[in-house]
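Everything on this sheet refers to the single structure shown next.
Convention: sequence-line order gives letters A, B, ...; per-chain numbering from 1. Note that the structure is a prediction, hence the values are computed from the model and not measured.
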Amino acid sequence: MSLPKAYDPKSCEDRIYKMWEESGVFRADAASAKEPFTISMPPPNATGQLHLGHAVMLALEDVFIRFQRMSGKEVLWLPGTDHAAIATESVVIKKLQKEGMRDPRAQLGREKLVAKIAEFVEQSRGTIRSQIRKMGASCDWSRERFTMDPMLSRCVNEVFVKMYGDGLIYRGHRIVNWDPKMQTTVADDEIEYVEEKVPFYTFQYGPFQISTSRPETKFGDKYVVMHPDDPRYAKYKDGDTFTAEWINGPVTATVIKDKVIDPAFGTGVMTITPWHDHVDFDLAERHKLQKEQIIGFDGKLLPIAGEFAGLHIEDARPKVVEKLKAKGLLVKIDEAYIHRVAKSYRGSGVIEPQIKEQWFIDVNKAVVPWKRRKLSLKEIMQDVVHTKLVTIIPERFGKIYFHWIDNLRDWCISRQIWWGHRVPVWYREGKGAMDMHVGVQPPQGEGFEQDPDTLDTWFSSALWTWSTLADPALVEDFSLSLEELLKQSPDYQKFHPTQVMETGYDILFFWVARMILMTTYATGDIPFETVYLHGLIRTRDGKKMSKSDPSTMIDPLDIIPKYGADALRLSMIVGQSPGADSRLFEEKIAGYRNFVNKLWNASRFVLMQCGQAGIDSRSVGTQEWKVESLADRALIYELGRVTTEVSQGLQHYRLSEAGDRLYSFVWDFFCDWYLELSKGEANIPLLVTAMRKILQLLHPYCPFVTEELWDSFREKDDGMLIAHPWPQSLSSGKAGETASKEFQILIDVITAIRKLRSDQNVEQGKEVDVTIVTKEFGDLLASQQAHIKRLARAATLEITDRAGKVENAASAFLTGLEIHMSLEGLVDFEKERASLMKEKLQLQQFVASSKAKLANEEFIARAPANVVGLEREKVKEIEEKLSKIETRLKNIPS
RNA sequence: GGGUGAUUAGCUCAGUUGGUCUAGAGCGUCUGGUUUACACCCAGAAGGUCACAGGUUCGACUCCUGUAUCACCCACCA
């Protein structure tokens, strides 16, 4: 069998993926006796395309999954998509507008628009499915879910009803972030602040001067607020009233004193607009002040604005300023004022706070039974992380998480858009009051009308780890409570809680925190044991890749055909630490493409050796392989070590470290030395065994090449590599360690000779005579002379222990035709001895001084007991180190 | 304003309980190479006061304090 000279990912990736998928290895079995290992794939938004953020998520999770699958776990990796309420609706509306529809909401109506969005989503999900496959993700497609599937929707309703019953969901008039463009509320987290330079006006308001950047909201202002301790305004008392000339004539205003006012800012006095500002709203609530709406939900001024009514706020501003100026009330304008404007994270308009009736989740009400206490949702979120039921990697995000919870306000869950889960509440005119029905199903009676609002998209995705595992066959069985439903769902029983939640740190609050909140509340169990957070992928210059600037974007779909999915995966995993942003650029990917190719060629070489020896590479394992050479022994030892280290690394989610270890093992040890030395005297059974192990170890990282190569090394009883058991680490004990050390000496000698040749400008390829003078390693080097001769191009090699000509007996000398100088490579042991001696001396000094201290009665009497204890412990520790150093010194041949 | 992190070779980054780190890798640069797989390769070289200043220690890139620069997150000012 002969393989092409270079690995061509294009020619095999799709074929291999198809083979895996059709074989059924991706499919999890809820009836299996094996220990489960579950990851719920963070569902990409059902809009548009996958980007590098998704690619890194898929790569990391696939490594976890493949490792655990090979390690004998029953793995479930459940894929799916999120309906992404606002994001999707706004994408589709924009699309329709581009196609010429002026106002799609009004023109189509609810039902038709939702149908249009559903159509778009279906298409988009198809794209996403194929992109996930391109990355090699070995997820269980038979269990693919969508947040708006019937069963997932039912879970949403179940949880809503349960929370309502517990008094955790309430409806109230509160100030919310209103997006006039999308005509919906937006969550606190979904707002980002953009700095803008705007004029900052100061006006005369009765006896006070007040400043504002938004004069157009000031029509209804009839309170002035100042700090109670501000001496400038000491003569005014809380509750005092006065008359002020204002935009549309005189108003009666009231003085309010409150500590939120910063006396140092502006004039230290402000008027308030409670309907359109969070802080003012809180203040108004505290002092029970009147609130008036100034701006309509369409962003235009209401009748209270008098002559300005109907104007859009943007247009009204200069006109209002003009009028105030004409009245002589404008004191000054500061043109360089930096103001932070709230904008929607979803990329639509400027946020205008408004008071609206909305649904909220109360995060402070202590009604949730947890460990024989009643806790609030906030407290539950804190408890599960504090008690390490949920571990966050990297740890520092725990702090950020707690900080976020401390500042968490009630969560507004209703949205005024149409795409999403409709609030499961129905109303009808009743006798005197409104009839309200909150239920999983619509009410029986006549005349009920469902709440027009939909739920925040994170409400449904917060249930993702388990709503996806509820048995869809039971969706119509409404006799079952949520608890019973889950009890009767085999997947839920087998695979929940999940083991790892792997996602970007940017959605720690949006999603991870809310999953912990909702899942722990709804199921009484955590959603996952470990949270593994990855960082953002940035450009080479450290900039964010943004859709608005396509030149900064790297599209996985451009990279994969060029470099292969394996190379892309490696470049996003190796050399990255969790939670840290990283930069990606083509050269980096090319570097890992080269590695993949190196692996390919190493296999090719091994296969060639098999061919030359007339051995079938697929039936070597049945033969006994014998350990022949020093290199063989060293290989076995190193193979054992790398297996142990990689297994441990993967177990502890240290993917980068383990990957890096494999990279250098394969390239620097296996290819550069073992394969080179095996030329001419290949131990084929061992070579094939090593190759098989390497493919197994690398498979989680680069599944495609390894599976492709596996075909050449697969024995009769082997299936696909993806399903092959993870290699056990062979232990070869002391003998192996010695072999490894001796092998290192051989490498050092060869390297040293090569370096000498280079220093002496010996022509490449020209053979020289070499003399090595050594006391300790004569036998070793003599047994390896063929290798030294070949790899260092030595015509003759003399090894002697005559140290006569040499001052330092420990250093070796090389004598070529014209070369006679000292060789540095061999003195490692000497150096080691020297450094160990130095360390030993230092430690001995410490032990001596410390013991003297401990013998001193005065010290013992005066020092606190724990200090003495610590000192003793430290002495013990150092003495242990000393004894280790002793043994190491003894092991150095002298 | 509060918080978190980063600062190691020209560039991108590793360095997990302080002691084989006399600080490594990849890319780039330079020199030389058709050696029984691989030029997506091989052999070598140059290049670092581990941001700065103190402290703890027998010993600090690693721990502590402070400073500087950068990045991000949270809150938000009328």
Does OP1 or OP2 of B:C13 have a side-chain N or O of A:R583 closer than 4.0 Å?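 True: A:R583 side-chain N/O within range (under 4.0 Å) of B:C13 OP1/OP2.
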If the cut-off is 4.0 Å, is A:H403 near the phosphate of B:A75, judged by side-chain N/O to OP1 or OP2?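 For A:H403, the contact criterion (side-chain N or O under 4.0 Å from OP1 or OP2 of B:A75) is not met.
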Between A:K562 and A:E586, does any side-chain N to carboxylate O distance fall below 4.0 Å?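 Salt bridge between A:K562 and A:E586, a charged N being under 4.0 Å from a carboxylate O: yes.
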Record whether the side chain of A:E676 comes under 3.5 Å of the base of B:A37 through a donor-acceptor pair of N or O atoms.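 Counting by modelled atom types and ignoring angles, a donor-acceptor contact under 3.5 Å is found here.
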Check: B:C40 base within 3.5 Å donor-acceptor of A:R593 side chain: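 Such a pair is found, so the answer is yes.
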Only pairs with both distances under 3.5 Å count, Watson-Crick or wobble alike; so what is the partner of [N] in this structure?
{"N": "B:C72", "value": "B:G3"}
{"N": "B:A45", "value": "B:U29"}
{"N": "B:U67", "value": "B:A51"}
{"N": "B:U35", "value": "none"}
{"N": "B:A23", "value": "none"}

Test your reading of the model: is there a side-chain donor-acceptor pair from A:Y701 to the backbone of A:G659, 3.5 Å cut-off?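 Yes, the answer is positive, given that a donor and an acceptor are paired below the 3.5 Å cut-off.
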With heavy atoms under 4.0 Å as the rule, sort A:K679 into base, sugar-phosphate or nothing.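 A:K679: base contact, heavy atoms under 4.0 Å.
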Out of [options], which has the shortest distance to the side chain of [X]?
{"X": "A:A6", "options": "B:C42, B:A71, B:C40", "value": "B:C40"}
{"X": "A:K598", "options": "B:C27, B:C41, B:U36", "value": "B:C41"}
{"X": "A:N594", "options": "B:U4, B:C41, B:C74", "value": "B:C41"}
{"X": "A:S577", "options": "B:A14, B:C77, B:A43", "value": "B:A14"}
{"X": "A:W667", "options": "B:C38, B:U36, B:C42", "value": "B:C42"}
{"X": "A:M608", "options": "B:C38, B:U36, B:C40", "value": "B:U36"}
{"X": "A:N597", "options": "B:C40, B:A37, B:C27", "value": "B:C40"}
{"X": "A:R396", "options": "B:G5, B:C74, B:C42", "value": "B:G5"}

Relative to the ring of A:Y592, is the ring of A:Y663 parallel (under 30°), tilted (30 to 60°) or perpendicular (over 60°)?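 Ring orientation of A:Y663 relative to A:Y592: perpendicular.
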[N] versus [M] - spacing of their [atom1] atoms, nearest Å:
{"N": "B:G48", "M": "B:U12", "atom1": "C1'", "value": "16 Å"}
{"N": "B:U7", "M": "B:A46", "atom1": "P", "value": "26 Å"}
{"N": "B:G59", "M": "B:C41", "atom1": "C1'", "value": "43 Å"}

With a cut-off of under 6.0 Å to the ring centre and 45° to the axis, is A:R540 in cation-pi contact with A:F585?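 The answer is yes, since A:R540 meets both limits relative to A:F585.
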Distance (rounded to the nearest 0.5 Å) between A:Q576 CD and A:L655 CG: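 These two atoms lie 10.5 Å from each other.
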